[in-house]
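What follows is a single structure, written as structure tokens, with notes after it.
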Amino acid sequence: MSNNELPAIRWGVVGTGLISSWFVADLTIDRANRGANHTIQAIGSSSVQKGQEFASQHLSGHTPTIYGSYAELYNDPNVEIVYIGTPHAFHKQNALDAIKAGKHVLCEKSFTLNEREAKEIFAEAKRHNVFIMEAMWTRFFPLVQKLRQLIHVDKSIGDVHRVWCDFGLPKDIASLPITSRYKDPALGAGSLLDIGIYSLTWVILALESNLRTETPEVLATQKIVDHVDVATSVLLKYPDGRQGVATSTFARTIGSIVVEGLAASVPASFTIQLRNEEPQKYEFERPGRGFYWEADAVAIDIAAGKTENDIMPWDETIRIMHLLDAIRRQGGAQFPQDFE
Ligand SMILES: NC(=O)C1=CN([C@@H]2O[C@H](COP(=O)(O)OP(=O)(O)OC[C@H]3O[C@@H](n4cnc5c(N)ncnc54)[C@H](OP(=O)(O)O)[C@@H]3O)[C@@H](O)[C@H]2O)C=CC1
Ligand SMILES: O=C1OC[C@@H](O)[C@H](O)[C@H]1O
């Protein structure tokens with residue numbers, strides 16, 4: 001199909017921040033195998049000057065109409081679809097306004113701050129008979145389609161029982177202005193809606209062969225600092241026992257360490273990966289299986305007249321058992337002895 005025969009659509013972009021710059025840059029690059037022709041018809045910003053700066057920086061060679069308000073963009077008859085690139089907290093109002101003006105909408109993730117807002121938007125879209133979608137771009141990558149085919153159709157690794165996904169995005173929240181969307185709860189700040197949504201998405205995509213046919217149980221914990229979740233861990237539990245762990249954090253580290261070996265009980269080496277540096281692998285000799293190290297420690301302690309070992313003291317065992325009990329209470333695994 002020649003480019004002239006492809007579907008064509010005229011976009012109005014509201015918000016001139018980071019994501020809008022990435023979005024318009026991608027829509028205007030020259031690429032093979034395009035599926036549609038995109039025109040950035042208009043930019044809506046809080047000021048004409050900001051809109052003009054955005055266009056000259058990210059849309060050189062293009063001539064979008066620049067508006068100093070979003071309302072003007074919604075009312076532009078040449079705009080067919082509105083792309084919402086504002087912070088989460090404004091998505092609801094932006095989407096409702098665009099829909100009421102009869103526009104289709106592509107709205108950045110997270111779609112809204114909560115389910116109630118999302119339902120409100122979809123009800124309005126239904127009333128106005130317009131298209132609307134959450135811009136969860138990752139789901140549309142060919143890589144995802146291939147991965148899902150390998151996992152769910154070809155069953156390349158058999159049945160998938162567990163999936164983990166972590167997204168860490170270092171953010172020094174304390175140093176940001178209180179108006180930052182990463183800091184202000186009223187703007188939907190927090191790791192979950194910003195990046196945790198990706199972790200959750202990957203876990204769901206890998207665990208669910210038929211999307212949206214199951215509702216997993218959720219167990220979650222968050223680290224809240226100044227009313228904002230700076231770290232979230234979610235455990236998804238499916239009716240048949242499949243488990244997904246999705247985590248997100250704004251904490252800053254300079255790299256990661258992966259421990260390798262036969263099993264988690266038998267570490268053999270680890271690799272330190274510092275950002276932008278070559279990985280460094282540390283390997284260790286282990287003749288036999290390695291049970292002699294704990295046996296040596298026992299013998300040494302006894303010879304020294306000790307009753308506890310410093311590496312595995314009594315209170316550490318008690319702490320671990322306390323945690324295991326708490327987890328079982330939430331999780332449901334019971335032993336007859338629990339009721340004695
Ligand atoms: N898909 C992806 O990979 C990414 C998605 N996102 C999503 O995009 C959305 C926007 O994020 P991002 O581009 O980083 O945000 P930015 O802060 O960089 O930009 C947001 C823009 O929204 C407009 N805006 C309107 N009202 C406000 C307000 N009160 N405070 C701040 N901005 C306001 C501003 O544009 P103006 O002044 O022109 O009106 C501003 O430039 C979020 O929902 C985020 O989750 C973000 C990054 C990547
Ligand atoms: O979606 C996103 O991905 C990239 C991050 O920079 C951004 O905070 C987030 O919204």
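Counting convention: from 1, in listed order, for ligands and their atoms alike.
Close N/O approach between Tyr182 and ligand 1 is not found [any backbone or side-chain N/O within under 3.5 Å]. Not one N or O of Trp22 is nearer than 3.5 Å to an N or O of ligand 1, by distance alone. Checked against a 3.5 angstrom limit, the closest N/O atoms of Tyr198 and ligand 2 fall inside it. For the pair Leu18 and ligand 1, the shortest N or O to N or O distance falls below 3.5 Å. Residue Gly17 has at least one nitrogen or oxygen atom sitting less than 3.5 Å from a nitrogen or oxygen atom of ligand 1, judged on distance alone. Residue Gly44 places no N or O, backbone or side chain, under 3.5 Å from any N or O of ligand 1.
Residue contacts with ligand 2: Lys171 is excluded, as none of its non-hydrogen atoms falls under 4.0 Å. Residue Tyr198 places a heavy atom under 4.0 Å from ligand 1. For the pair Tyr70 and ligand 1, a heavy-atom separation below 4.0 Å is found. In this structure, His91 is part of the shell of residues with a heavy atom less than 4.0 angstrom from ligand 1. In this structure, Met136 has no heavy atom closer than 4.0 Å to ligand 2.
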Under the salt bridge (Lys or Arg N to Asp or Glu O under 4.0 Å) criterion, do Glu53 and Lys50 qualify, and how do the steps go? CA-CA 5 Å; Glu53 281 166 9; Lys50 202 175 165 197; over 6 Å; no
Determine, step by step, whether Tyr70 and Phe90 satisfy the ring pair (Phe, Tyr, Trp, His ring centres under 6.0 Å) criterion, reporting the C-alpha distance in whole Å, the side-chain angles of both residues, the deciding distance to 0.1 Å, and the verdict. CA-CA 12 Å; Tyr70 298 172; Phe90 304 108; 8.6 Å; no
Trp11/Phe23 under ring pair (Phe, Tyr, Trp, His ring centres under 6.0 Å): CA gap, chis, key distance, verdict: CA-CA 11 Å; Trp11 295 85; Phe23 186 74; 5.2 Å; yes
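Counting heavy atoms closer than 4.0 Å to ligand 1, residue Lys109 contributes atoms from both its backbone and its side chain. Contacts between Trp137 and ligand 1, counted as non-hydrogen atom pairs separated by less than 4.0 Å, involve the side chain only. When heavy-atom distances to ligand 1 are checked against a 4.0 Å cut-off, Thr179 has no atom that comes that close, whether in backbone or side chain.
At the top of the distance list for atom 8 (O) of ligand 1, counting protein heavy atoms only, stands Ile19 CG2, 3.1 Å. Counting protein heavy atoms only, atom 5 (C) of ligand 1 is closest to Glu108 OE1, 3.1 Å. Protein heavy atom at the shortest distance from atom 10 (O) of ligand 2 is Asp194 OD1, 2.6 Å. Counting only heavy atoms of the protein, atom 26 (N) of ligand 1 lies nearest to Phe90 CE1, 3.7 Å. Counting only heavy atoms of the protein, atom 5 (C) of ligand 2 lies nearest to Leu169 CD2, 3.8 Å. Looking only at protein heavy atoms, the nearest one to atom 40 (C) of ligand 1 is Lys50 NZ, 3.8 Å. Scanning the protein heavy atoms around atom 9 (C) of ligand 1, the nearest turns out to be Thr86 O, 3.1 Å. Atom 35 (O) of ligand 1 has its closest protein heavy atom at Thr16 N, 3.1 Å. Looking from atom 12 (P) of ligand 1 to the surrounding protein, the closest heavy atom is Arg181 NE, 3.4 Å.
For the side-chain contact (heavy atoms from CB on, under 4.5 Å) test with Ile151, the passing option among Asp159, Leu205, Val160 is Val160; the others fail. With respect to Arg242, the salt bridge (charged side-chain N to carboxylate O under 4.0 Å, His left out) criterion is satisfied by exactly one of Glu217, Glu208, Glu214: Glu214. Applying the salt bridge (charged side-chain N to carboxylate O under 4.0 Å, His left out) test between Lys92 and each of Glu120, Glu117, Glu124 identifies Glu120 as the sole match.
With hydrogens and angles disregarded, a donor-acceptor distance shorter than 3.5 Å links the side chain of His91 to the backbone of Phe111. Although no hydrogens or angles enter the test, the distance criterion places no donor-acceptor pair under 3.5 Å between the side chain of Glu308 and the main chain of Pro313. Proximity of a side-chain donor or acceptor of Lys183 to a complementary backbone N or O of Ile173 within less than 3.5 Å is detected. Side chain of Ser199 to main chain of Thr247: a donor-acceptor pair is present (N/O by atom type, distance under 3.5 Å, no hydrogens or angles).
The option with the heavy atom closest to atom 33 (C) of ligand 1, from among Cys107, Ala186, Pro87, is Pro87.
Interface of Asp194 with ligand 1, defined as ligand atoms under 4.0 Å from a residue heavy atom, comprises 45 (O). Numbered from 1 in the order shown, with element, the atoms of ligand 2 that lie under 4.0 Å from a heavy atom of Arg181 read 7 (C), 8 (O), 10 (O). Below 4.0 Å from some heavy atom of His88 lie the following atoms of ligand 1, by number and element: 42 (C), 43 (O), 44 (C), 45 (O). Proximity to Lys109 (heavy-atom distance under 4.0 Å) selects the following atoms of ligand 2: 1 (O), 2 (C), 9 (C), 10 (O). Close approach of ligand 2 to Tyr182 is summarised as follows: ligand atoms under 4.0 Å from at least one heavy atom of the residue are 7 (C), 8 (O).
Residues Arg328 and Asp338 are paired through a salt bridge, judged by an N-O separation under 4.0 Å between the basic side chain and the carboxylate. Remark: Asp315 does not engage Arg319 in a salt bridge, criterion side-chain N to carboxylate O under 4.0 Å.
Dense packing is recorded around CG of Asn37, with more than 12 heavy atoms of other residues, nucleotides or ligands lying under 6.0 Å away.
Atoms OH and CD1, from Tyr282 and Ile257 in turn, are 8.5 Å apart once rounded to the nearest 0.5 Å.
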